[in-house]
Protein chains: 2
Amino acid sequence: MHLLLVEDDELVAQGLSRSLRQQGYSVEHCATVKAALQWLQSDQIELVVLDLGLPDGDGIDVLKHIKKHRKSLPVVILTARGSIDDKVLGLDLGADDYLAKPFDPAELFARLRVASRRLTQAQSSLLSVDDVVMDIAAHTVSYQQQPVNLPRKEFMLLKALLENQGRVLSKQQLENKLYEWGEEVGSNTIEVHIHHLRKKFPKELIKTLRGIGYVAGKR
Amino acid sequence: MHLLLVEDDELVAQGLSRSLRQQGYSVEHCATVKAALQWLQSDQIELVVLDLGLPDGDGIDVLKHIKKHRKSLPVVILTARGSIDDKVLGLDLGADDYLAKPFDPAELFARLRVASRRLTQAQSSLLSVDDVVMDIAAHTVSYQQQPVNLPRKEFMLLKALLENQGRVLSKQQLENKLYEWGEEVGSNTIEVHIHHLRKKFPKELIKTLRGIGYVAGKR
DNA sequence: GCGAAACTTAAATAAAACTTAAGAACAATT
DNA sequence: AATTGTTCTTAAGTTTTATTTAAGTTTCGC
């Protein structure tokens, strides 16, 4: 993992770099705001350890820059400014952690492990065919990047179809998915909903198999 | 946001609960390992503040349980055990942060904001859509640079929506965020609060998806 | 070309959300 | 402890929108 250490005290920097490398990071080091911003251009950096008191400016500016341009890049602040107000400010500006000097290296390493293990995390589940994308958790659907508003039943119907791409679902099966048990439906509801869906999406999305049912997806 | 406070000192717990509520969390409190595990069954909890010294066991067991079953649930440890070894252990077992008592409440709140904004991938303590800006730390909201006064529930509601921009939240989900467990709400409260919010902000801010829920932000 | 199945349309019905306003609960202040 | 003002909940009435129904039209396979 690629770590940028921004620290102007040469001695501290050297010691830290060495032990961070021992911890398995590839460490880049710089001592000024300017150099830090330079490094951040590169998109190579995955984790930042930031001292606030720098010779050519305030480390807080580096933090702001990072959170503006690469908001998910974790930053751990490491500084002599240990007042509560400083901490609150740093954390609220987007820092992921804040250690006041003097600190124990073991604690820093533990906190860096927390930050880096968070980098390896997952995303929400999406159903899609071509440029029709459904996010079930967020209850949203988009077509060609544009959000599409689907009423409840239409959403359920499309979801059923997308969950069974390539498989034919009979009207009966679809009804079972849309309606509670015992809630008999007396008419051509499914046909009507299909109709409405087709008006909102490309017509190839839902194919009819006469006498059998409907399928979504390519084939 | 639904927070579980695990703390056996009755006095501390009471004080903390109150100020956490003031910070806008719905707080559930328990004092034992057993009760904590119970609460965690419910899947309602989004954030945990954990004391380690509990009467019927070690809080570390609660942490282990969480990280086994609900990996991504953030846990902030808050304890009298302040040695480096304890900290490293706690953090390496999956805690997201670790504060040793005595601590300053302002710092705890700031660190909780870090944890909760990570849940919603917001970058700092400012949430905004267009010219509606919410400062979670300061508990203020403004619209077109003008401060807007929001009562607690309205604030919580707007916060929940802003934390989930683009995601649809059902009335049920919103209720879960505003009310503590067992505090059943019998009526159309959410609708009424939404109504009040809409009177104070541009009407495009909160969209209704009939039968599904509400969304804030552009889509 | 015939009949069954699916499509389309519009109106009727049902369901959800909005709007009010009143009073209960809660806080702050004296 | 009483008073005032604020915030929250309830509930009823209204409006809006989704869903169902039903009737007329088209399409498909035989």
Side-chain angles (χ1 to χ4, degrees), chain A residues 139 141 148-161 168-180 182-216, chain B residues 14 17-19 21-24 26-27 139-141 147-161 168-180 182-216:
Chain A
H139 242 284
V141 189
V148 177
N149 254 339
L150 292 188
R152 206 168 75 252
K153 288 276 152 80
E154 285 175 35
F155 186 92
M156 291 163 97
L157 183 50
L158 182 60
K159 175 171 164 232
L161 289 166
V168 186
L169 296 174
S170 69
K171 266 187 283 201
Q172 187 55 58
Q173 287 175 301
L174 290 169
E175 279 179 15
N176 291 341
K177 301 211 183 250
L178 299 211
Y179 299 95
E180 300 290 322
E183 192 188 358
E184 295 308 316
V185 72
S187 188
N188 59 343
T189 355
I190 299 294
E191 287 172 21
V192 175
H193 286 313
I194 292 274
H195 176 58
H196 289 146
L197 280 175
R198 294 218 256 231
K199 292 210 291 209
K200 298 178 182 171
F201 297 100
K203 69 178 202 309
E204 323 82 72
L205 179 66
I206 303 172
K207 284 203 259 308
T208 302
L209 300 195
R210 217 152 223 268
I212 305 175
Y214 298 92
V215 219
Chain B
Q14 247 167 19
S17 292
R18 229 182 47 151
S19 37
R21 287 198 185 96
Q22 251 157 36
Q23 296 286 315
S26 325
V27 181
H139 255 268
T140 56
V141 189
V148 177
N149 200 301
L150 290 189
R152 274 185 305 286
K153 287 276 150 85
E154 285 174 37
F155 186 91
M156 290 163 97
L157 184 51
L158 183 60
K159 176 171 162 231
L161 289 167
V168 184
L169 296 175
S170 68
K171 267 188 285 204
Q172 186 57 61
Q173 288 175 301
L174 291 169
E175 279 177 14
N176 290 342
K177 295 198 189 268
L178 299 209
Y179 300 95
E180 293 173 13
E183 192 186 358
E184 298 304 318
V185 73
S187 188
N188 58 343
T189 359
I190 300 292
E191 287 172 24
V192 175
H193 287 312
I194 291 271
H195 178 59
H196 290 145
L197 280 175
R198 295 218 255 231
K199 291 210 290 209
K200 299 178 183 169
F201 298 100
K203 70 177 201 310
E204 323 82 72
L205 179 66
I206 302 172
K207 284 205 259 313
T208 301
L209 300 197
R210 221 155 224 261
I212 303 173
Y214 298 92
V215 220

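Proteins get letters first, then strands, A, B, ... in listed order; numbering begins at 1 in each.
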**Asked** Under a 4.5 Å cut-off applied to non-hydrogen side-chain atoms, are Leu161(B) and Ile194(B) in contact?
**Response** yes

**Message:** Within the structure provided, determine whether Leu205(B) and Leu158(B) are in side-chain contact (heavy-atom separation under 4.5 Å).
**Reply:** yes

**Item:** Residue list, side chain to side chain contact (heavy atoms under 4.5 Å, CB included) with Glu180(B), at least two apart or on another chain
**Value:** Arg21(B), Ser26(B), Val27(B), Glu28(B), Glu183(B)

**Prompt:** What residues in residues 190-198 of chain B put a non-hydrogen atom under 4.0 Å from any atom of DNA chain C?
**Reply:** Glu191(B), Val192(B), His195(B), Arg198(B)

**Request:** Would you mind reading off the distance between Met156(A) atom CE and dA18(D) atom P, rounded to a whole angstrom?
**Result:** 16 Å

**Message:** Rounded to whole Å, how long is the line connecting atom NZ of Lys200(B) with atom P of dT6(D)?
**Reply:** 12 Å

**Asked** When you list every nucleotide of DNA chain C with an atom under 4.0 Å from a heavy atom of chain B, which one comes first 5' to 3', and which comes last?
**Response** dA15(C) to dT20(C)

**Prompt:** So how far off straight is the helix from dG1(C)-dC30(D) to dT30(C)-dA1(D), going by the axes through five pairs at either end, to 10°?
**Reply:** 40°

Quick one: label [X] by what it contacts on the DNA or RNA (base, sugar-phosphate, nothing), any heavy atom closer than 4.0 Å.
| X | answer |
| --- | --- |
| Lys199(B) | nothing |
| Lys203(A) | nothing |
| Phe155(A) | nothing |

**Request:** Output all residues satisfying side-chain hydrogen bond (donor to acceptor under 3.5 Å, both in side chains) with Asn176(A), sequence neighbours left out; order by chain, then residue number.
**Result:** Gln172(A)

**Message:** Could you report the tightest heavy-atom contact between Val168(B) and Gln173(B), atom names first, then the distance?
**Reply:** O-OE1, 3.7 Å

Sequence neighbours excluded, which residues qualify as ring pair (Phe, Tyr, Trp, His ring centres under 6.0 Å) partners of [X]?
| X | answer |
| --- | --- |
| Tyr179(B) | none |
| Tyr214(B) | none |
| His196(A) | none |

**Message:** Tell me which pairs pass salt bridge (charged side-chain N to carboxylate O under 4.0 Å, His left out) where either residue lies in residues 190-201 of chain B, with sequence neighbours left out.
**Reply:** Glu154(B)-Lys200(B), Lys171(B)-Glu191(B)

**Message:** side-chain contact (heavy atoms from CB on, under 4.5 Å) for Leu150(A) and Leu157(A)? Distances and angles first, verdict last.
**Reply:** CA-CA 10 Å; Leu150(A) 292 188; Leu157(A) 183 50; over 6 Å; no

**Asked** Of all residues at least two apart in sequence or in a different chain, which pass the salt bridge (charged side-chain N to carboxylate O under 4.0 Å, His left out) check with Glu204(B)?
**Response** none

**Item:** Test salt bridge (charged side-chain N to carboxylate O under 4.0 Å, His left out) applied to Arg18(B) - qualifying residues, sequence neighbours left out
**Value:** none

**Gap between atom CG of Leu197(A) and atom NZ of Lys203(A) - 0.5 Å precision** = 16.0 Å

What's touching nucleotides 28-30 of chain D from the protein side, N or O pairs under 3.5 Å?
{"unit_1": "dC28(D)", "atom_1": "O4'", "unit_2": "Arg210(A)", "atom_2": "NE", "d": "3.4"}

**Request:** Give a yes/no on whether any side-chain N or O of Tyr179(B) is located under 4.0 angstrom from OP1 or OP2 of dT9(D).
**Result:** yes

**Item:** Selection from dA23(D), dT20(D), dT7(D) that lies nearest to any side-chain heavy atom of Asn188(A)
**Value:** dA23(D)

**Message:** Using heavy-atom distances to pick each residue's nearest nucleotide on DNA chain D, tell me which of Thr189(A) and Leu150(B) is more 5'.
**Reply:** Leu150(B)

